[in-house]
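Worksheet: one structure, shown below.
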Amino acid sequence: MSAVRPAEAVEIAEWAVAISADAPDGPRASGSLYAVAPAERAAAASALAARGLHVHVDVVIDPTGRHRGLTPDEMRAAREAAPDARLEVHLIVDGAEIDACADRAVGETIAAAIETRAAVVMLPPELWAEPGALVTALRSTGIAVWAAIGPHDAAVVPADADGALVMLIEPGTIDIADPALVDRVAELSGRRAVGVDGGVTEELAERCIAAGATTIVAGRALFAAARTGEEQS
């Protein structure tokens, strides 16, 4: 069994660090732990916090309720490793319909987000259709709720959403980002906080910031080591 690397051994791209260092109230880079091997995720969370970056947790739930991204326990481990970091949870449901098993996994994820004091939870369109108690439970604990917009979704954000996450690739995949989707950032940024996620590179990050993005989520281009074959961002 290989030893878990210490946080200081996790390499983070300097361009991402520079984004968060430019201005106290300016854009922030967020590192997607999904892009890191499971055994290294806690160390990566600690490293991100030490460099002033946010910690982004992708929870990918398939139709049977199985986790393909981070699990609620990994979310808790990330919080333990980075107790003062801004924690973002992106909930991705893989499939158009949510059955009882997937619904239970969604509930467990929301409970973990509340327990770990997440700053924001990003929900897909299918969970905004009838948000009801889900959004109420999050907001009652002070958690902001953002709408995640996939590349094939209409660029429409619910009126009561606190922000929007513009996906440049299909959630849960490792596709190449579609630069044309950056136009959505400019369309949405005048009314609310807007983040981008999915295949973000240094060049794309600069374009997104110029368009008004306040949160830049990156994984593959941000971490220089310890990647999996199933990374998303």
Side-chain angles (χ1 to χ4, degrees), residues 1-21 28-62 66-92 94 105 108-109 111-113 115-122 148 165 167-177 195-202 204-205 215-233:
M1 180 181 296
S2 60
V4 175
R5 294 185 307 142
E8 56 268 23
V10 178
E11 300 176 43
I12 298 174
E14 289 302 322
W15 63 264
V17 176
I19 289 174
S20 296
R28 283 289 184 273
S30 185
S32 172
L33 298 185
Y34 190 21
V36 180
E40 311 295 343
R41 286 170 176 166
S46 180
L48 289 166
R51 303 295 307 268
L53 279 70
H54 297 168
V55 177
H56 189 86
V57 174
D58 289 299
V59 178
V60 187
I61 299 170
D62 75 9
R66 184 177 69 92
H67 286 278
R68 292 199 301 105
L70 274 74
T71 66
D73 281 344
E74 287 181 305
M75 190 190 309
R76 296 183 182 98
R79 171 53 80 202
E80 183 177 355
D84 299 319
R86 175 183 167 90
L87 187 67
E88 305 162 354
V89 177
H90 182 190
L91 178 53
I92 301 165
D94 187 8
E108 292 168 351
T109 299
E115 177 187 337
T116 56
R117 311 183 317 279
V120 58
V121 172
M122 299 149 173
L165 182 70
M167 294 299 303
L168 305 182
I169 63 175
E170 197 64 37
T173 71
I174 55 171
D175 296 337
I176 297 174
V196 292
D197 185 8
V200 176
T201 61
E202 180 178 5
L204 272 177
T215 298
I216 307 296
V217 182
R220 285 170 282 172
L222 184 148
F223 291 108
R227 298 178 184 145
T228 71
E230 196 183 21
E231 55 205 290
Q232 174 194 344
S233 299

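The basis for the numbers below is simple: all heavy atoms, side chains too, and nothing from hydrogens, waters or symmetry mates. Since this is a predicted model, take the numbers as computed values, not measurements. Along the sequence shown, the residues carry numbers beginning at 1.
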Could you tell me whether the side chain of Glu40 and the main chain of Ala37 form a donor-acceptor pair under 3.5 Å? no
Atom pair CG/OG of Leu70 and Ser32 - distance to nearest 0.5 Å: 7.5 Å
Working to the nearest 0.5 Å, report the span between CZ of Arg68 and OH of Tyr34. 5.0 Å
Heavy atoms only: give me the nearest Ile169-Gly199 pair and the separation to one decimal. CD1-N, 4.1 Å
A side-chain contact here means heavy atoms from C-beta on lying under 4.5 Å apart; do Pro72 and His67 qualify? yes
What distance separates Ile176 CD1 from Thr201 OG1, expressed to the nearest 0.5 Å? 10.5 Å
Can you tell which of Val57, Val55, Val36 makes a side-chain contact (heavy atoms from CB on, under 4.5 Å) with Arg41? Val36
Derivation of the side-chain contact (heavy atoms from CB on, under 4.5 Å) call for Val120 and Arg86: CA-CA 9 Å; Val120 58; Arg86 175 183 167 90; 3.7 Å; yes
Below 4.5 Å, heavy atoms only, C-beta onward: do Leu168 and Leu204 meet side chain to side chain? yes
Once side-chain contact (heavy atoms from CB on, under 4.5 Å) is applied, do any residues pair with Ala205, and if so which ones, sequence neighbours excluded? Trp15, Ile19, Val200, Ile216
Before you tell me yes or no, could you show the steps for His90 and Val59 under side-chain contact (heavy atoms from CB on, under 4.5 Å), namely the whole-Å CA-CA distance, both residues' side-chain angles and the distance that decides it to 0.1 Å? CA-CA 6 Å; His90 182 190; Val59 178; over 6 Å; no
Applying salt bridge (Lys or Arg N to Asp or Glu O under 4.0 Å), can you list everything that pairs with Glu108, at least two apart in sequence or on another chain? none
Which of His56, Arg28, His54 passes side-chain contact (heavy atoms from CB on, under 4.5 Å) with Val217? Answer is His56
Considering all heavy atoms, the nearest Ala29-Ala16 contact: CB-O, 3.4 Å
About how many Å separate OG1 of Thr109 and CG of Leu91, when rounded to the nearest 0.5 Å? 5.5 Å
Stepwise, does the side-chain contact (heavy atoms from CB on, under 4.5 Å) test hold for Thr215 with Val196? CA-CA 6 Å; Thr215 298; Val196 292; over 6 Å; no
Contacts of type side-chain contact (heavy atoms from CB on, under 4.5 Å), residue Ala82, not counting sequence neighbours: Ala45, Ala49, Ala85
Looking at CD of Glu80 and OG of Ser46, how far apart are the two atoms once the value is rounded to the nearest 0.5 Å? 11.0 Å
With Glu14, which residues qualify under side chain to side chain donor-acceptor pair (under 3.5 Å), at least two apart? Arg51
Glu115: which residues meet the salt bridge (Lys or Arg N to Asp or Glu O under 4.0 Å) condition with it, sequence neighbours left out? Arg76
Just one of Leu48, Leu53, Leu222 clears the side-chain contact (heavy atoms from CB on, under 4.5 Å) bar with Val17, so which one? Leu53
For Leu33 and Ala78 the tightest heavy-atom approach is CD1-CB, 3.8 Å
Could you work out, with side-chain contact (heavy atoms from CB on, under 4.5 Å) as the rule, every residue matching Arg117, not counting sequence neighbours? Arg79
Is the closest side-chain heavy-atom distance between Val121 and Glu88 below 4.5 Å? no
Do Asp197 and Asp58 make a side-chain contact, defined as non-hydrogen atoms from C-beta onward lying under 4.5 Å apart? yes
Under the criterion side-chain contact (heavy atoms from CB on, under 4.5 Å), I'd like the reasoning laid out for Ile61 against Arg66: C-alpha separation, chi angles, the key distance, then a yes or no. CA-CA 6 Å; Ile61 299 170; Arg66 184 177 69 92; over 6 Å; no
Could you work out, with side-chain contact (heavy atoms from CB on, under 4.5 Å) as the rule, every residue matching Ala77, not counting sequence neighbours? none
